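Presented below is the structure to which this report refers.
Note that the structure is a prediction, hence the values are computed from the model and not measured.
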Amino acid sequence: MRARTKGYWWYLAPSLVLFLAVIVAPFVMNVATSFTRWSGVGTPRWVGLDNYTRLLDDERFWQSFQHNVGLIVAMAIVPTALGLLLAAVLFDYIGRRFGARTAAALRAAYYLPQVLPVAVAGVVWGWMLHPSYGAVNEIFGLKLDWLGDPDLALATVMAVMVWFQLGYPVVIFMAGLQRVDPALHEAAEIDGASWWRRFWHITIPQIRPETFVVLLTCTIAALKVFGPIYVLTRGGPGNATMVPSYFSYLSFFQKSNVGYGSAIATVLALIIIVVTFLFLRVQERES
């Protein structure tokens, strides 16, 4: 077996080199920088755990993670639930009644926000939510500053992220529904089970692996979200939509505090690693 598989490692070598150069090396450098005080110019000065001690007392740091919890709801939990329901409707109802092409067209429409560049989508949403000439206020006859009001900004960003993220679960779940044995639904339907009961007791358990994949990838995306925050609010107004990734960016490039920004990025990376490990352990137990 070793003799037969020995040559395969040469095919993995390019990916391994890229992984080491693009992922591992920058991460190690970031961790090393987090133990220094450095403005990005000159020689870094070793300060040990000072940056991490400072994080513990930084209110903006903890507030940014609180906002991340809201974004996990908007980018992982809500899109997963809605995506599963929409995928089931498209697969079981739209596909059978109106044809596979109609279901595929609607699936592509839901997925379209994932294809759009984040900057383009953010600018368009900024226009739509503008307090003076935005389409949302014009349609509903409102005069709200959706992105400028500290009480509304985070909820508005969460709503935009639901729209942005919804298409990904729909596509994954529709692919998963194709491997569910139709005989199970037919038998349950003959026994008098309603569509909802068949969805709850057959569909959801059968596509549990896809559910874990969607929840994991969407949670990671929510934890490291940066582009939409940068385009829509820049973490404002005040700190109403500040998230760790953007907080790290501010420390890096606006405050020239590279060591502190590296500490924020390191903590965020470790949290993502822990969350991934927990998801995989839960998936192993469920399977």
For [range], which residue pairs qualify under side-chain hydrogen bond (donor to acceptor under 3.5 Å, both in side chains), counting only residues two or more places apart or in two chains?
range: residues 110-123; answer: none
range: residues 214-229; answer: Tyr168-Thr217
range: residues 70-99; answer: Asp92-Trp195, Tyr93-Arg97
range: residues 125-138; answer: Asn137-Trp146

Side-chain touch Thr203/Phe91, heavy atoms, less than 4.5 angstrom |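 In short, these two side chains do not touch, never coming nearer than 4.5 Å.
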
Cluster partners of Leu112, using ILVMFWY side-chain heavy atoms under 4.5 angstrom, listed by chain and number?
-> none

Residues two or more places apart in sequence or in another chain: which of them pass side-chain contact (heavy atoms from CB on, under 4.5 Å) with Phe277?
-> Arg281

Under the side-chain contact (heavy atoms from CB on, under 4.5 Å) test, which residues partner Ser194, sequence neighbours left out?
-> Trp196, Arg197

Show me, pair by pair, the donor-acceptor contacts under 3.5 angstrom made by side chains of residues 52-60, not counting sequence neighbours?
| unit_1 | atom_1 | unit_2 | atom_2 | d |
| --- | --- | --- | --- | --- |
| Tyr52 | OH | Ser34 | OG | 2.6 |
| Thr53 | OG1 | Leu49 | O | 3.0 |
| Asp58 | OD1 | Arg60 | N | 3.0 |
| Asp58 | OD2 | Tyr260 | OH | 2.4 |
| Arg60 | NE | Asn239 | OD1 | 3.4 |
| Arg60 | NH2 | Asn239 | OD1 | 3.3 |

Excluding sequence neighbours, so at least two apart, what forms side chain to side chain donor-acceptor pair (under 3.5 Å) with Arg37?
->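 Listed in chain order: nothing, the list is empty.
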
Can you list, pair by pair, the side-chain donor-acceptor contacts under 3.5 Å of residues 23-31, counting residues two or more places apart and other chains?
| unit_1 | atom_1 | unit_2 | atom_2 | d |
| --- | --- | --- | --- | --- |
| Asn30 | OD1 | Ser262 | OG | 3.4 |
| Asn30 | ND2 | Ser262 | O | 3.1 |
| Asn30 | ND2 | Thr266 | OG1 | 2.8 |

Residue pairs fulfilling ring-ring contact (aromatic ring centres under 6.0 Å, His included) with at least one residue in residues 226-245, sequence neighbours excluded | Phe226-Tyr230, Phe226-Tyr246, Phe226-Tyr249, Tyr230-Tyr249

Residues which pass salt bridge (Lys or Arg N to Asp or Glu O under 4.0 Å) with Arg179, listed by chain and number, not counting sequence neighbours |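 Testing Arg179 for salt bridge (Lys or Arg N to Asp or Glu O under 4.0 Å), a comparison that skips the adjacent residues, returns Glu210.
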
